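Worksheet: the structure to be examined is printed underneath.
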Amino acid sequence: MSEISVKYGGESGSVPPGSSVLDAIKQFDRDASKSALAAKVNGEEFDLDRELPMNGELEIEAIVPGTRDGLEVLRHSTAHLLAAAVLDLYPGTKLGIGPALLDDPRYGFFYDVITPEPLSVDDLPKIEKRMQQMAKRNLKYRRENVSKEKILDIFEGRSEPLKCELIDEKVEGDASIYYIDDSPFIDFCLGPHVPHTGKLKAFKLLAIAGAYWKGDAEREQMQRIYGTAFFSKEELDAWLKQREEAAKRDHRKLGQELDLFSIQDDYGQGLILWHPKGGIIRQEMENYLKEKLRDFDYSFVHTPHIAKRDLWRISGHEDNYADSMYSPTSIEEVEYRLKPMNCPLHIGIYKSSMRSYRDLPQRYSEMGTVYRAELSGTLHGLMRVRGFTVDDAHLFVRPDQVLKEVGDCLDFAIQVFETFGFDKVSFELSVRGEAENKKFLGADEDWEQAEASLAAALDERNIGFERIEGEAAFYGPKIDIKIEDAIGRTWQLGTIQVDFNLPERFGLEYTGEDNQPHRPYMIHRALFGSIERFFGVMLEHFGGALPFWLAPVQVAVLPITDRVNDYAESVAAKLKAADLRVEANLRSDKIGAKIRDAQLQKVPFMLVVGDQELEAGIVAVRERSKGDLGTMGVEEFIERARNLRDDRAIDNGSF
RNA sequence: GCCCGAGUAGCUCAGGGGUAGAGCGCUUCCUUGGUAAGGAAGAGGGCAUGGGUUCAAAUCCCAUCUCGGGCUCCA
């Protein structure tokens, strides 16, 4: 038999038939052969102990720690170890799936199981301990290639109905199964896996949760055990620490600590009570937005929170959205419904009179409060609520105006996100694509024209974007805007959507140059999306330390002794007269305590005043992150603070 | 909606079959102290709600409500 010729990292060589992947790697790279978790042979993922195939020249690449592929193998193998430990501890457990998660910032892998007795978080340490015991024993992961019939036999024999279902769906011919030596675990799995459990040195179980088989609420409820794994203990520890930091930024926690808002049982789940300090922040946000809306020539409209049921029949919400709407309520035997969206109401304004092509575009904007009957389990702080306000706008445009209007929306959006300190913004263009199971409404030429306009608006601005085929709404193409926050999480906020459907349903028209009726397009446009949600994202982004212009208390005046309380009050009065939000802390605490208090409230500036300052008529300025900045006159402080505010500076660096 | 967990003072939490505790906060008093917690005293809850078991229930059981973690990113 001839040797197998092998290429590795640009070098060529050969190995005898029957050699394993690892044997081959050893010839070229001793280090990699020790650290490798798995390998790629001609691009296909292989276990290290797998025999090399005999077909022609082989290009081999080691999958090593520190790479994405490596992490995937590591985490996937750890998921198996988890399942093995669970099976060991709880005989009779049925297995679901157990993939690695690489893009989820919260977890690194999970395994779905059905145990004879329900598990709780208290069981995690026990399972983790068993995993560690098994890891230390360097148990081998063994792969076997067998026929579908054989696999089904094995898993039927083990009473694994869910596995059998998967095998049935996925396998044609042969497939691989994996064992872990000296454990009850067998899985139907593509692999690859690490050679033995000793490679798994840094893992941690994190949470236990319910999960439906295949995400289908009609199917079996399973228990999902989440964990994560890294190449080294150091990486794991660093990640855990960062996770704690993220928890500190939780907007629900900050909302309470900073007294911004509350959600109370007695008032209803998913309904936000805005406290004064949260209220002022919202007001600043809205004021800013109003300025911008004026700049971009929007008009301001106001519509009621409730409208006749028929309206929602015409709009199609009754058919497609009823689950998310509150039940109808009757007044003198006429039914009404709370609005889940503002569009039909804005349409009413458009329809209130005849429109000429000269009148378009009409740009209606409203801070529109809407109500949605979200399932209780999905509610989450400000992020998912049952009543919220949208910075909503609807543009009624002629087809030839789409490009210009969408372009303006993009400019608007970019300016807004920049102002709030989100410098990482990305765009997704969702188009009709190949319509498989989706019905897209409207004429082909409308779609082509609208999609082209959206893409052109992005291109004109040199905005890179991801084009997603088939993800358009059924009523038209759209651009979604995503931002990345300070700790790397992405959020979808704004959206710009073209709509052919509602103008049709409501029979909207304008009179063209030709004196004939024409149908306008609608553009739905929101930048913050839900103000509540945006507020939550923003709070977490800044970790509660809001920019000066948004801070509910911008300046704290802190007298050192009550001899200077009057002076402190006079300083505070001057700041207030300059339209700055100021609080004077006249309690009999020591200065350290007052400073600590202001720091914890994340007040941007503290003005410390004592006898010296009183005498000289000055203030000692302390900035929340930079500390003592020295003294200056009150007028000078006001001047600088106003600049910060008027510039809507993101941090106080320019002070 | 479903699964697991939790609901004790305004907040963070301890306790746990015999009638409720700490720290912070709040009030009052003492203290007037220069850049992240000065001291003392006091007020404040009857342990989410409703049932049940028991001589006795915050404590055990059941139900309900609410909150938290989740609910197919290849096997």
Side-chain angles (χ1 to χ4, degrees), chain A residues 45 72 76 79-80 95-104 106-107 110 112 114-115 117-124 151 155 162-171 175-178 186-191 193 206-226 250 252-253 256-257 259 262-270 323 373-381 558-565 587-601 606-613 620-624 626-631:
Chain A
E45 294 186 325
E72 181 162 14
H76 191 189
H80 275 209
L95 300 179
I97 58 168
L101 306 172
L102 296 185
D103 298 320
D104 189 320
R106 301 164 303 174
Y107 305 113
F110 65 80
D112 284 346
I114 301 177
T115 48
E117 296 295 321
L119 295 174
S120 79
V121 272
D122 304 330
D123 297 306
L124 294 183
I151 303 178
F155 284 95
L162 301 177
K163 285 286 176 195
C164 291
E165 185 180 325
L166 270 186
I167 294 159
D168 224 25
E169 283 168 19
K170 308 250 177 185
V171 179
S176 55
I177 55 175
Y178 276 86
I186 302 183
D187 203 354
F188 157 63
C189 179
L190 280 175
H193 283 285
L206 298 166
I208 186 153
Y212 294 108
W213 177 239
K214 296 182 175 172
D216 182 349
E218 302 295 311
R219 297 295 308 266
E220 293 85 340
Q221 171 92 41
M222 315 190 70
Q223 287 194 294
R224 173 166 299 179
I225 302 171
Y226 280 104
D250 190 311
R252 293 164 300 183
K253 197 169 148 71
Q256 184 173 75
E257 287 169 358
D259 195 16
S262 59
I263 303 167
Q264 299 177 29
D265 305 3
D266 303 348
Y267 294 78
Q269 1 172 21
D323 286 349
E374 304 284 357
L375 292 180
S376 61
T378 63
L379 298 174
H380 181 85
L558 311 177
I560 287 172
T561 146
D562 55 20
R563 279 194 303 280
V564 295
N565 277 1
R587 294 188 320 211
S588 71
D589 289 330
K590 290 171 90 164
I591 191 65
K594 292 184 185 182
I595 286 171
R596 182 179 145 85
D597 205 44
Q599 287 286 155
L600 290 175
Q601 286 296 306
M606 286 151 256
L607 301 183
V608 175
V609 296
D611 292 325
Q612 296 160 32
E613 286 75 18
V621 181
R622 182 188 164 96
E623 197 271 340
R624 70 182 164 202
K626 290 203 278 292
D628 195 349
L629 298 181
T631 58

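Labels below follow one simple rule: chain letters A, B, ... track the order of the sequence lines, proteins then strands, and each chain is numbered from 1. Only a predicted model underlies this, so the values are computations on that prediction, with no experimental measurement involved.
We find that CG of A/L600 is positioned 10 Å from P of B/rG25, with the value rounded to whole Å. Summarising the geometry, the separation between CZ on A/R596 and C1' on B/rG34 is reported as 18 Å, rounded to the nearest angstrom. In this structure, CD1 of A/I186 is placed 18 Å from P of B/rA75, rounded to the nearest angstrom. For the pair A/D104 CG and B/rC73 C1', the computed distance is 9 Å after rounding to whole Å. Rounded to whole Å, the distance from CG on A/D216 to P on B/rC3 is 15 Å. Rounded to an integer number of Å, the gap from NZ of A/K214 to P of B/rC73 is 13 Å.
No side-chain donor-acceptor contact under 3.5 Å links A/K163 to the backbone of A/D187. A donor-acceptor pair is defined here as one N or O able to donate and one able to accept, closer than 3.5 Å; no such pair exists between the side chain of A/Q269 and the backbone of A/L379.
Using a 4.0 Å heavy-atom criterion, one finds that A/E72 contacts the bases of the nucleic acid, with or without backbone contacts as well. Using a 4.0 Å heavy-atom criterion, one finds that A/S588 contacts the bases of the nucleic acid, with or without backbone contacts as well. Residue contacts for A/L558: at a heavy-atom cut-off of 4.0 Å it reaches no nucleic acid atom on any strand shown. Counting non-hydrogen atoms under 4.0 angstrom, A/A620 reaches a base of the nucleic acid. In this structure, A/G592 reaches the sugar-phosphate backbone alone: every heavy-atom distance under 4.0 Å involves primed, P, OP1 or OP2 atoms, never a base. Nucleic acid contact class of A/E220 (heavy atoms, under 4.0 Å, all strands): none. Base contact: A/L375 has a heavy atom under 4.0 Å from a base atom. Within 4.0 Å of A/D112, counting heavy atoms only, lies no atom of the nucleic acid at all. Within 4.0 Å (heavy atoms only), A/A209 reaches at least one base atom of the nucleic acid. The residue A/L166 sits close only to the backbone: its heavy atoms come under 4.0 Å of sugar-phosphate atoms, none of a base. As judged by a 4.0 angstrom heavy-atom cut-off over every strand, A/D611 is placed among the base-contacting residues. At a threshold of 4.0 angstrom between heavy atoms, the contacts of A/Q612 include nucleobase atoms, whether or not backbone atoms are also involved.
For the pair A/Q599 and B/rA37, the criterion of a side-chain N or O lying under 4.0 Å from OP1 or OP2 is not met. Contact check, A/Y107 against B/rG69: no side-chain N or O comes under 4.0 Å of OP1 or OP2. Between A/H380 and B/rC67 there is no side-chain N or O to OP1 or OP2 distance below 4.0 Å. Between A/R563 and B/rG33, a side-chain N or O to OP1/OP2 separation shorter than 4.0 Å is present. Under 4.0 angstrom from either OP1 or OP2 of B/rG70 there lies at least one side-chain N or O belonging to A/R106. An OP1 or OP2 oxygen of B/rG1 is reached within less than 4.0 angstrom by a side-chain nitrogen or oxygen of A/S376. At B/rC71, one or more side-chain N or O atoms of A/Y226 fall inside 4.0 Å of OP1 or OP2 (strictly under the cut-off).
Nearest heavy-atom pair across A/F155 and A/I186 is CE2-O, 3.7 Å. Residues A/D112 and A/R224 come closest through the heavy atom pair OD1-NE, 2.7 Å.
Between the side chain of A/Y212 and the base of B/rG1 there is at least one donor-acceptor pair of N/O atoms closer than 3.5 Å.
When Watson-Crick and G-U wobble pairs are counted only if both distances are under 3.5 Å, B/rG68 pairs with B/rC4. Summarising the base pairing, B/rG34 is matched to no nucleotide, lacking a Watson-Crick or G-U wobble pair whose two defining distances lie under 3.5 Å. The partner of B/rA58 cannot be assigned: no Watson-Crick or G-U wobble pair with both contacts below 3.5 Å exists in any strand. Of all nucleotides present, only B/rA63 satisfies the Watson-Crick or G-U wobble test against B/rU49, with each distance under 3.5 Å. B/rA43: no Watson-Crick or G-U partner with both key distances under 3.5 Å is found in any strand. The partner of B/rG10 is B/rC24, judged by Watson-Crick or G-U wobble contacts that both fall below 3.5 Å.
Of the listed nucleotides (B/rA36, B/rC71, B/rG33), B/rC71 has the atom at the smallest distance from the side chain of A/R224. Here the side chain of A/Q221 is nearest to one of B/rG70, B/rA75, B/rC4, namely B/rG70. When distances are taken from the side chain of A/K170 to each of B/rA75, B/rA37, B/rU35, the shortest belongs to B/rA75. Nearest to the side chain of A/A175, among B/rA36, B/rC73, B/rA75, sits B/rA75. Of the candidates B/rG68, B/rU32, B/rU66, the closest approach to any side-chain atom of A/Q269 belongs to B/rU66. With distances taken from any side-chain atom of A/F188 to the nucleotides B/rC4, B/rA75, B/rU35, the minimum falls on B/rA75. Relative to the side chain of A/E45, the nucleotides B/rC73, B/rU32, B/rC74 differ in distance, and B/rC74 lies closest. Checking B/rG69, B/rG34, B/rC73 against the side-chain heavy atoms of A/R252 singles out B/rG69 as nearest.
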Legend entry - Steps toward salt bridge (Lys or Arg N to Asp or Glu O under 4.0 Å) verdict (A/K214, A/D216): CA-CA 5 Å; A/K214 296 182 175 172; A/D216 182 349; over 6 Å; no
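Counted within 6.0 Å of CD on A/E218, heavy atoms from surrounding residues, nucleotides or ligands total 12 or fewer; the atom is thus considered open.
Using a 30° and 60° split on the angle between ring planes, A/H76 and A/H193 fall in the tilted class, from 30° to 60°.
When A/M606, A/R587, A/R622 are each tested for a side chain to side chain contact (heavy atoms under 4.5 Å, CB included) with A/L558, only one passes: A/M606. When each of A/V608, A/L607, A/T631 is tested with A/E613 by the rule side chain to side chain contact (heavy atoms under 4.5 Å, CB included), just one qualifies, namely A/T631.
Applying the 90° criterion around 0 to the glycosidic angle, B/rA41 comes out anti. Applying the 90° cutoff around 0 to the glycosidic angle, B/rG46 is assigned syn.
Remark: the separation of the P atoms in B/rU28 and B/rC62 is 48 Å, to the nearest Å.
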